[in-house]
4 protein chains.
Amino acid sequence: MPPRQTTDIGKERRAQPREAGQARWRTALTSIAPNKILIRGYPVDEMMGRLSFAEAVYLLLMGELPTPAIGRMFNAILVSSLDHGVTPPSTLAARNVATTGAPMKDSVAAGVLAFGPHHGGDIESCMRFLDSGLAIVRSGKSLQEAATTLVEAFIEDGQVPPGFGHRFHTRDPRAARLFQMALELELEGEHVRMLRGIERALESHHEGFGRVLPVNVDGAIAAISADLGFAYDLGNAVFLISRLPGLIAHAHEERTRQTPMRQIDPKDHDYDGSGERRLPEGRK
Amino acid sequence: MPPRQTTDIGKERRAQPREAGQARWRTALTSIAPNKILIRGYPVDEMMGRLSFAEAVYLLLMGELPTPAIGRMFNAILVSSLDHGVTPPSTLAARNVATTGAPMKDSVAAGVLAFGPHHGGDIESCMRFLDSGLAIVRSGKSLQEAATTLVEAFIEDGQVPPGFGHRFHTRDPRAARLFQMALELELEGEHVRMLRGIERALESHHEGFGRVLPVNVDGAIAAISADLGFAYDLGNAVFLISRLPGLIAHAHEERTRQTPMRQIDPKDHDYDGSGERRLPEGRK
Amino acid sequence: MPPRQTTDIGKERRAQPREAGQARWRTALTSIAPNKILIRGYPVDEMMGRLSFAEAVYLLLMGELPTPAIGRMFNAILVSSLDHGVTPPSTLAARNVATTGAPMKDSVAAGVLAFGPHHGGDIESCMRFLDSGLAIVRSGKSLQEAATTLVEAFIEDGQVPPGFGHRFHTRDPRAARLFQMALELELEGEHVRMLRGIERALESHHEGFGRVLPVNVDGAIAAISADLGFAYDLGNAVFLISRLPGLIAHAHEERTRQTPMRQIDPKDHDYDGSGERRLPEGRK
Amino acid sequence: MPPRQTTDIGKERRAQPREAGQARWRTALTSIAPNKILIRGYPVDEMMGRLSFAEAVYLLLMGELPTPAIGRMFNAILVSSLDHGVTPPSTLAARNVATTGAPMKDSVAAGVLAFGPHHGGDIESCMRFLDSGLAIVRSGKSLQEAATTLVEAFIEDGQVPPGFGHRFHTRDPRAARLFQMALELELEGEHVRMLRGIERALESHHEGFGRVLPVNVDGAIAAISADLGFAYDLGNAVFLISRLPGLIAHAHEERTRQTPMRQIDPKDHDYDGSGERRLPEGRK
């Protein structure tokens with residue numbers, strides 16, 4: 001597993017001096033020669049059929065092949081946020097662009113822009129939040145003391161900690177499944193433990209928030225991604241990759257099932273798709 | 001395999017009458033209830049760990065689970081266009097946004113916007129092109145007659161047919177691998193056959209273009225996606241999904257390895273990543 | 001007035017050969033030297049305070065200073081589409097991005113992406129439509145015959161001609177004012193006359209559409225911009241410039257008056273701003 | 001002049017409680033009735049021909065008509081950043097999208113996304129920076145003491161204060177002209193004075209930065225916009241409005257003068273437009 005990047009990128013960059021005499025800039029991702037494309041050193045045509053898309057994405061972002069366990073975990077993380085129906089602002093932004101007859105990619109770009117601090121951005125915030133707790137631990141406190149310190153600071157500020165609470169779900173089924181898999185695949189690390197500690201502190205302080213704040217899917221992705229070694233901005237990017245097909249599916253449905261230039265009311269809709277069903281036994 | 005949507009969406013929508021008395025609008029993608037998220041009827045937490053991300057994406061876009069063969073094919077399609085180095089306009093757009101200190105998602109959105117008609121958009125154009133050839137076949141011509149008719153029209157217009165030719169590769173290794181897999185997985189259909197016919201017609205007419213025009217990765221994705229039943233705009237969207245992680249990797253590299261507000265010269269760079277290597281034997 | 005560019009950009013570019021031996025690429029817009037910025041040859045600091053913003057925009061886009069009459073006309077064109085309330089898809093896309101806590105520029109970009117073919121894009125379509133009418137005139141028909149030919153083709157296709165009809169207004173006050181100003185400033189040309197001819201043809205054929213189709217603000221901008229010599233894509237761009245402040249105002253209002261992550265219902269709102277008022281006499 | 005909004009929007013929003021029982025949401029910008037469009041209470045068709053575009057923008061953003069002096073100042077602010085040649089990342093992002101054959105609006109959106117913290121975002125940062133200086137003044141220090149405190153903090157951090165320094169100009173002609181106009185139009189206020197104090201402190205501390213840091217156009221726009229009462233995010237938005245036509249002009253030039261899918265080198269170009277010229281005497 002590559003070492004975790006925990007530096008605050010935005011902060012340091014402004015002061016970073018330009019390297020003198022650096023004539024050419026450098027890239028370590030992909031090298032192209034006639035009839036040959038190497039991604040992180042591996043021929044892309046050799047990757048095709050041998051790596052799942054999620055494993056290939058992990059390789060590109062992290063620089064090394066995932067272990068099979070990490071490959072399964074990363075596939076599950078990407079599946080977890082695939083779609084959340086028609087009401088999220090990202091879906092509505094994508095549909096509002098689609099209704100004007102704009103190209104598919106324009107709907108996608110508008111949807112991506114709606115993954116702001118309050119919508120997906122919680123992953124990066126939660127990764128930083130967990131690291132701040134681990135910094136307290138490293139200064140000599142117990143994990144639970146650190147968690148309590150963090151939670152009390154949020155209560156004082158009247159804020160909800162990132163990665164907790166959901167406007168709709170009281171127990172986020174995606175978070176539960178991600179933690180179950182991390183346990184089974186033996187991928188739990190200090191960030192998942194820190195998150196669990198915060199969860200316990202929130203339970204014992206729930207009257208400070210006026211409501212129960214269960215961990216949500218963003219919190220689960222944040223903790224597991226941090227344990228896998230993802231940098232802050234890549235943690236957030238994982239959410240973008242996961243959600244992109246949902247934006248596409250909604251834009252396509254808007255284009256094919258609705259009239260153009262309609263006023264899209266987020267409340268006034270019915271689901272008319274497949275009823276609940278189970279995966280066939282054969283699927284693992 | 002679901003029936004193929006071949007209608008030209010843009011054209012018909014303008015005339016489509018609003019359904020009278022349709023009080024609520026409808027969606028068939030995802031249904032949300034407290035603590036339950038069903039995508040095309042399947043609980044998302046049940047999909048996690050059991051479907052690869054690519055299979056889940058196929059389900060969301062097409063409405064039904066892929067067969068294992070289609071699942072493998074679709075994973076390979078998504079891997080094929082993962083990244084193409086620093087020189088494509090989409091990568092440069094993403095890096096130019098990253099150098100200003102903008103959020104990751106802004107780089108991604110700018111990169112997505114660069115997937116215009118000449119860059120990725122060829123997939124949709126090629127799907128339409130293949131369907132126009134198949135329409136000629138259905139009118140009574142042989143496949144090779146249809147292919148020749150199409151190619152001669154392009155020579156007359158001084159245009160290159162979509163899905164053929166590459167500014168860099170003379171034999172696109174990604175296209176070759178996709179066709180090999182389609183053959184092995186028994187997923188070749190009439191669109192792949194039409195593409196093959198056009199390839200032959202281009203060879204015998206290559207002097208009309210002044211150069212050889214081998215099929216490229218866009219052409220391969222177009223033909224196979226069309227045989228899988230993807231609608232035109234979804235064929236294009238597949239390319240977006242495939243390429244998104246590349247945009248993210250370049251934006252991340254720009255943020256972490258380069259100084260802000262630099263002038264990004266697409267020619268003046270060196271590759272300093274891993275040397276060429278092979279996948280371990282264990283990987284299928 | 002510079003000569004009108006009427007070529008269809010998209011079509012011809014693909015075939016255009018790369019100029020051999022062109023070592024450096026060229027730009028004619030702005031030249032920068034230390035402490036000196038020349039826009040189309042004029043020092044920008046000399047333009048400040050002497051040209052209105054609209055006149056400076058005209059200079060940048062068209063290459064020459066506008067006459068005072070064109071300057072007034074162009075200011076009015078830009079004012080005409082400044083804002084159209086909360087219901088257009090562009091406004092809703094911008095607000096849906098704003099509600100996620102994203103930066104202002106992200107709301108703006110999402111709003112811009114919603115200016116698709118059915119929303120603002122009518123300007124470019126209408127410019128092309130008027131030119132197709134003028135081409136018929138140049139082939140020997142009278143203006144009214146040309147208009148009738150065009151209108152009958154749209155009736156046959158079941159389409160509404162671009163620049164006509166409005167889902168809300170039966171007489172678009174912005175179009176009326178633009179035509180009045182074009183008349184007073186003696187800026188009417190063949191495109192305005194062609195539009196007037198089509199308006200008459202639509203009146204006498206209104207039963208073919210099942211409703212009256214008055215000229216709308218897009219049609220008025222299209223005709224006047226074409227007479228001023230704007231290229232097709234710049235006609236559309238004029239609408240972008242005009243509408244940008246509206247996107248900004250709505251994103252700002254969303255950020256300052258609403259709670260984050262709300263579901264934005266386009267119908268469920270009240271206006272609580274200033275009552276109707278008149279400009280003071282002193283304003284021209 | 002409306003009262004200045006100085007609250008930190010992002011911070012407070014998360015905690016803001018949703019108003020109970022608020023059935024309908026409210027907007028104060030524009031009201032639409034059949035054949036009537038009122039912007040801040042004024043009929044848009046009455047504004048056309050009577051207000052310059054810049055004055056109409058000011059009205060929409062600020063809620064009230066500008067005085068003639070503010071109208072002139074705001075026109076000049078918008079002219080100041082109209083274009084800065086081919087090398088800024090925003091221009092390159094727009095051109096990289098244009099070279100793919102994407103619609104004009106896609107180039108514009110990509111360019112807008114490149115107005116990140118280091119590129120245009122300095123306006124908002126500088127407004128906050130000036131307000132932090134004024135807060136020190138209100139706590140009892142002199143303006144020059146406050147300026148020195150701020151400057152010394154930046155030296156310690158190894159950072160350049162927002163609104164100062166330019167990678168190209170040693171004396172930004174746009175800043176000089178904006179300050180001259182603010183003086184002549186009697187629109188200087190405490191933010192301009194604070195900026196002047198910081199300028200003096202930077203001169204006497206220039207060895208701390210290793211170079212002279214003159215005020216740049218972003219700093220001038222920030223100080224004057226703050227004195228005019230613009231909120232932080234609107235100060236930034238003013239730059240977006242100013243720069244949009246430049247993005248459009250570059251995208252249009254890319255589409256009409258260059259071959260598609262070219263690699264855009266920011267250094268390798270020549271200017272071949274009009275030579276330096278002067279505005280005719282008649283222009284004010």
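Chain A is the first sequence line, chain B the second, and so forth, proteins listed ahead of strands; every chain is numbered from 1.
- Between Asp265(D) and Asp265(B), the shortest heavy-atom distance links the atoms OD2-OD2, 3.5 Å.
- Closest heavy-atom contact between Ile264(B) and Pro266(D): O-CD, 3.3 Å.
- Among the candidates Ser107(D), Ala94(D), Ala102(D), the residue making the largest number of heavy-atom pairs closer than 4.5 Å to chain B is Ala102(D).
- When all heavy atoms of Pro89(D) and Thr100(B) are compared, the pair lying nearest together is CB-CG2, 3.6 Å.
- Here the closest heavy-atom approach between residue His118(B) and residue Thr99(D) is recorded as CD2-O, 4.2 Å.
- Annotation: the span from Leu92(D) atom CG to Arg95(B) atom CZ amounts to 14.0 Å, rounded to 0.5 Å.
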Please set out all donor-acceptor pairs under 3.5 angstrom arising from side-chain atoms of residues 240-247 of chain B, sequence neighbours excluded.
residue: Ser242(B); atom: OG; partner: Leu78(B); partner atom: O; Å: 2.5
residue: Ser242(B); atom: OG; partner: Ser81(B); partner atom: N; Å: 3.2
residue: Ser242(B); atom: OG; partner: Leu82(B); partner atom: N; Å: 3.3

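- With chain D as partner, the option from Ala110(B), Ala114(B), Pro88(B), Ala93(B) having the largest number of non-hydrogen pairs under 4.5 angstrom is Ala114(B).
- Every residue was checked against the side-chain hydrogen bond (donor to acceptor under 3.5 Å, both in side chains) condition with Asn216(B), not counting sequence neighbours, and none meets it.
- The line from NZ of Lys267(B) to CD of Gln263(D) is 6.0 Å long, rounded to the nearest 0.5 Å.
- By the neighbour-count criterion of 12 heavy atoms within 6.0 Å, atom CD of Glu156(B) is sparsely surrounded, having that number or fewer from other residues, nucleotides or ligands.
- Your options are Ser90(D), Gly121(D), Gly116(D), and the one with the most heavy-atom pairs under 4.5 Å with chain B is Gly116(D).
- Crowding of Lys36(D) atom NZ: a count of heavy atoms from other residues, nucleotides or ligands under 6.0 Å not exceeding 12.
- The shortest distance between side-chain heavy atoms of Asn96(B) and Asn96(D) falls below 4.5 Å.
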